[in-house]
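Here the structure is a predicted model, which means the values were calculated and not measured. Excluded from the calculations below are hydrogen atoms, water molecules and symmetry mates; all remaining heavy atoms, backbone and side chain alike, are included.
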Amino acid sequence: MAEREREGAADAAERADGSGRGPVAGGNYRFFTHTACEFHPCHIMPDGEELNCLFCFCPLYALGPRCGGNFRYVGDAGDIKDCSACTLPHRRENYDYIMSRFELLKELAAPRGGDAGENRDG
């Protein structure tokens with residue numbers, strides 16, 4: 001990562017919780033439960049575990065079988081990823097694991113061949 005990108009990421013992390021103390025201080029940004037959500041609880045958690053809503057829509061879905069979660073493929077063609085039995089993004093202790101997988105997501109999102117610079121937002 002370029003030095004400028006590292007500095008920008010550190011600045012953003014410091015502002016994330018408003019404390020100015022950086023990403024380690026407190027760690028409150030790593031977990032929250034949205035009990036007012038009409039879909040809560042979306043997954044049944046083991047007894048005594050809280051549901052982390054931070055990654056409501058799993059950022060690892062696009063990794064297919066490389067996500068590391070408990071999923072299966074369903075549908076007539078077996079091409080629909082069913083994550084209904086997965087609690088990986090909803091467990092407090094998995095924040096660091098999910099963040100570690102963003103390099104793979106970055107590779108998936110990288111421009112390929114002739115599509116560099118295209119923007120379909122209009």
Side-chain angles (χ1 to χ4, degrees):
M1 184 187 289
E3 185 63 31
R4 198 165 114 197
E5 288 176 327
R6 270 196 291 279
E7 289 171 2
D11 289 345
E14 285 185 272
R15 291 189 303 269
D17 69 354
S19 70
R21 295 179 289 179
V24 177
N28 292 323
Y29 61 90
R30 300 165 63 97
F31 182 92
F32 84 97
T33 299
H34 184 24
T35 56
C37 176
E38 52 271 49
F39 301 106
H40 187 274
C42 59
H43 290 275
I44 304 302
M45 300 299 287
D47 286 341
E49 279 195 46
E50 297 175 283
L51 179 70
N52 188 357
C53 300
L54 181 63
F55 300 112
C56 175
F57 180 80
C58 184
L60 306 182
Y61 180 88
L63 295 178
R66 298 186 300 170
C67 70
N70 180 19
F71 68 92
R72 62 190 179 119
Y73 285 105
V74 298
D76 292 340
D79 59 347
I80 300 169
K81 190 175 175 188
D82 173 12
C83 304
S84 60
C86 184
T87 59
L88 188 144
H90 303 296
R91 299 174 87 107
R92 181 183 297 268
E93 67 271 14
N94 288 341
Y95 177 87
D96 290 326
Y97 172 77
I98 290 170
M99 298 308 291
S100 76
R101 306 300 280 172
F102 272 85
E103 276 302 311
L104 287 174
L105 290 167
K106 183 176 126 183
E107 290 172 19
L108 286 177
R112 308 266 189 257
D115 64 354
E118 287 184 27
N119 184 346
R120 293 190 175 87
D121 280 342

Specify whether Tyr95 and Tyr29 have parallel, tilted or perpendicular ring planes, treating 30° as the upper limit for parallel and 60° as the lower limit for perpendicular.
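Perpendicular, since the angle between the ring planes exceeds 60°.
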Interatomic distance, His43 atom NE2 to Leu88 atom CG [nearest 0.5 angstrom]
10.5 Å
Between Leu60 and Pro89, is there a side-chain heavy-atom distance shorter than 4.5 Å?
no
Other than Ile80, what residues sit in its cluster of Ile, Leu, Val, Met, Phe, Trp and Tyr side chains whose heavy atoms are under 4.5 Å apart, directly or through others?
Val74
Apart from Phe71 itself, residues in the same hydrophobic cluster as defined by side-chain heavy atoms under 4.5 Å:
Tyr73
What salt bridge (Lys or Arg N to Asp or Glu O under 4.0 Å) pairs are there with at least one residue in residues 89-102, not counting sequence neighbours?
Arg30-Asp96, Glu49-Arg91, Glu50-Arg92, Arg91-Glu93
In this structure, would Phe31 and Met99 fall into the same cluster of hydrophobic residues linked by side-chain contacts under 4.5 Å?
no
side-chain contact (heavy atoms from CB on, under 4.5 Å) against [X], all qualifying residues, sequence neighbours excluded:
X	value
Tyr61	Lys81, Cys83
Phe32	His34, Cys53, Leu54
Ala62	Leu105, Leu108
Cys56	none

Listed by chain and number, what are the side chain to side chain donor-acceptor pair (under 3.5 Å) partners of Asp82, not counting sequence neighbours?
Arg72, Ser84
Are Tyr97 and Ser100 close enough, and set up right, to give a side-chain contact (heavy atoms from CB on, under 4.5 Å), and what steps lead you there?
CA-CA 5 Å; Tyr97 172 77; Ser100 76; 4.2 Å; yes
Could you work out, with salt bridge (charged side-chain N to carboxylate O under 4.0 Å, His left out) as the rule, every residue matching Asp76, not counting sequence neighbours?
none
